[in-house]
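Taking it in order: structure first as structure tokens, then the write-up.
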Protein chains: 2
Amino acid sequence: MKSWKIFRKFPETNLYPMKKVTIKDLAKALNLSISTISRALNDKYDINPETQAKVLAMAEEMGYSPNPIAQKLQNKKSKNIGVVVPEFRNAFFPDIISGIQDIVQPLGYQVLITQSNENSETELLNVKSLYENMVDGLIISFSSGTTDLKYYQQLVEQEFPMVQVNRVLEEINTSKVLFDDYSWAFMATEHLILQGYKNIFHLKGPKHIVVTKERLRGFEGAMKKHQLPMDPTQIIDSGVTIEDGKKAMQKLLEQGQKPDAIFAVNDPVALGAIEVLKANNIKIPNDVGVVGFSESRLSEVVQPKLTTVRQPTFEMGQAAAKLLLQEIESSISVPQTVKFSGNFKIKESSVKLI
Amino acid sequence: MKSWKIFRKFPETNLYPMKKVTIKDLAKALNLSISTISRALNDKYDINPETQAKVLAMAEEMGYSPNPIAQKLQNKKSKNIGVVVPEFRNAFFPDIISGIQDIVQPLGYQVLITQSNENSETELLNVKSLYENMVDGLIISFSSGTTDLKYYQQLVEQEFPMVQVNRVLEEINTSKVLFDDYSWAFMATEHLILQGYKNIFHLKGPKHIVVTKERLRGFEGAMKKHQLPMDPTQIIDSGVTIEDGKKAMQKLLEQGQKPDAIFAVNDPVALGAIEVLKANNIKIPNDVGVVGFSESRLSEVVQPKLTTVRQPTFEMGQAAAKLLLQEIESSISVPQTVKFSGNFKIKESSVKLI
DNA sequence: CTGAAAGCGCTAACAC
DNA sequence: GTGTTAGCGCTTTCAG
């Protein structure tokens, strides 16, 4: 077993490589007690400035750096925050994470990222591990299939700082950062309607995800507002990947359905649909208009360019981080919900050419 | 300051929520010494099976789970492994991470992921934090600009388990997991040549990255083999993003250059080039052929579909994890280099239509 | 087979 | 101002 315990002494320098230097070593070197060292290092009020200067100098010289493990054991605080996301194959969560880091790093917090592959068990393991490793708080976005909330509920009861982003579970009472999926799905659908499309189909995402439900609701709302006939067959179960989009579109065509527009739950699904449409020689946007919902950077690349709702992922990450820090650093904290707006990128896929 | 110290007692259950239960509590409950408890929990040889059974049962009942922080402080082992990547906006590193998790999780290791945004300072912070938090080993892929290797060299000297993937630094003597960029760049270029393209340009990546150099070398090798004239102006400095590709292509056209094919350092750059070509009404593949190098899932989406080299990212992650575990769990370990092969996806962008 | 005691590196009363 | 001491939760000698 090669382990941390191996520290070879280098005769040339007579130094142990890297941080073997502890507070004790400093104490010995300066003929002071370890508590004095600790006080100096932590800039306590009851330390003689001169002593402190000496200690700091020596610490520098000997390359001292504190052992965060020992500090955690003592303080029950780590200056680490944990992040749990279901996937990062799309740009969505990576961007959120960047936003989190942007806020948190300047304040000296370290971000530990964990990915659950849309698997609830892995997710639970990740959360437990993060928690037991004493992160000061958690930013979490749940996997699509998570139903066993016991552990999470316990964390909440215990007032463990936590905020949910995007893949939110209503039942868990923490601060939440959301995108206003309803309104923007409404708008996206309305855009199609205003462009003259009438027989609009929605390729729907996984059932239990709130985001999915909201986008569906937005779709239905817009259809209703404009009194377009709507039939359950216009809502197609799909998923979140290009593959899912392909399958859904394929099935739709095989069943002889004739949509004149598609509102997809997200961009990858929209792209899958586009691919199938193109393969079947159906022209976009003239035969069929398509609108997506950004979760990736794909919309810019596909031809025709995809009309889509852009979400401020980076800012959502920032918001989540701010809420979490607030909760970590203050004793009272009421769960808040922040809902973000996006913007609508109208491109070729939904504007008929004359 | 809300902190870990807050544990409210729930009168209904008379239980402290979650793991407040320590080895001590178990000892008290069973009237045994803490060392006996520890032995039982750790399945030591010198424990009475019956005692052990009792302890285990009680641990279960009281919902005991060990405090990993305390264990680390004692053992200097954490069953955590740290991962440092420069970015995860492309699918490349996420896929590698999935591969790592695939190997490591079944063995009870937890993966701590860290992202440096191509920033060497953040990278160093991440590594330090991971190291000080006593991960058992590190899988690292360096940022493009990293030049200060002191800290990393120290880690190596200290025989801290470490393996490099993809963004490798020659000077750092650890196991390495690589893709055979040279051969596949060679092959990609040769493919263009065999398709009849002659005036082939290479959109090159960032200078100091080995991967970039290897792909350039492959390009040059193939050109030389087929005795195609090659001029320094055929090698264009670019970057790694779509934007970089656009700029490079734009500049190239503005300078009046007339390539009949492009070999791009990666897919995003290829896509950028394609976009500019299309905008200038240059037909792909007939006027200009394009080949990329997969680092994303974009190649499937663009039109025309992009010929590209696919890298076995998941497997590379697995390999890195295996090497690292080997190093962690055995005392002797000679740095090894594993070089992966990929496969070549020939699509529309490089096959002239007749 | 089990218990007592030391110690991992650090912080925080409590003395002086 | 500084030193002494205890203790965070755990593992590991060392006795018995």
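Numbered from 1 within each chain, the chains take letters A, B, ... in sequence-line order.
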Separation of atom [atom1] in [X] from atom [atom2] in [N], rounded to whole Å:
| X | N | atom1 | atom2 | value |
| --- | --- | --- | --- | --- |
| A:M134 | C:dC10 | CE | P | 16 Å |
| A:N42 | C:dA13 | CG | P | 13 Å |
| A:I37 | C:dA12 | CD1 | P | 16 Å |
| B:N133 | C:dC10 | CG | C1' | 14 Å |
| A:N75 | C:dA13 | CG | P | 12 Å |
| A:L30 | D:dT2 | CG | C1' | 14 Å |
| B:K44 | C:dT2 | NZ | C1' | 15 Å |
| B:L32 | D:dC10 | CG | P | 15 Å |

Distance test, side-chain N/O of A:T36 to OP1/OP2 of D:dG3, below 4.0 Å: yes
Does a side-chain N or O from B:S38 land closer than 4.0 Å to OP1 or OP2 of D:dC10, or not? no
Under a plain distance cut-off of 3.5 Å, with no hydrogens placed, do [Y] and [X] share a side-chain donor-acceptor pair?
| X | Y | value |
| --- | --- | --- |
| A:Y152 | A:E157 | no |
| A:N117 | A:E123 | no |
| A:N133 | A:K72 | no |
| B:D102 | B:Q318 | yes |
| B:S38 | B:S35 | no |

Residue pairs fulfilling salt bridge (charged side-chain N to carboxylate O under 4.0 Å, His left out) with at least one residue in residues 38-50 of chain B, sequence neighbours excluded: none
Pairwise N/O distances under 3.5 Å, protein to nucleotides 5-9 of chain C:
| unit_1 | atom_1 | unit_2 | atom_2 | d |
| --- | --- | --- | --- | --- |
| C:dG7 | N2 | B:Q74 | NE2 | 2.0 |
| C:dC8 | OP2 | A:K24 | NZ | 3.1 |
| C:dC8 | O3' | B:K76 | NZ | 3.3 |
| C:dC8 | O2 | B:Q74 | NE2 | 3.3 |
| C:dG9 | OP1 | A:K20 | NZ | 3.3 |

Any N/O pairs under 3.5 Å between the protein and nucleotides 14-16 of chain C? List them or say none.
none

List the atom of A:M58, the atom of A:L30, and the distance in Å for their closest heavy-atom pair. CB-CD1, 3.8 Å
Using a heavy-atom cut-off of under 4.0 Å over every strand shown, decide if B:P49 touches base, sugar-phosphate, or nothing. sugar-phosphate
Under the side chain to side chain donor-acceptor pair (under 3.5 Å) criterion, do B:S120 and B:T146 qualify, and how do the steps go? CA-CA 5 Å; B:S120 301; B:T146 299; 3.2 Å; yes
What verdict does the salt bridge (charged side-chain N to carboxylate O under 4.0 Å, His left out) test give for A:E118 and A:R167, after you've listed the backbone C-alpha separation in whole Å, the side-chain angles of each residue and the deciding distance to 0.1 Å? CA-CA 11 Å; A:E118 297 284 5; A:R167 297 274 200 91; 2.7 Å; yes
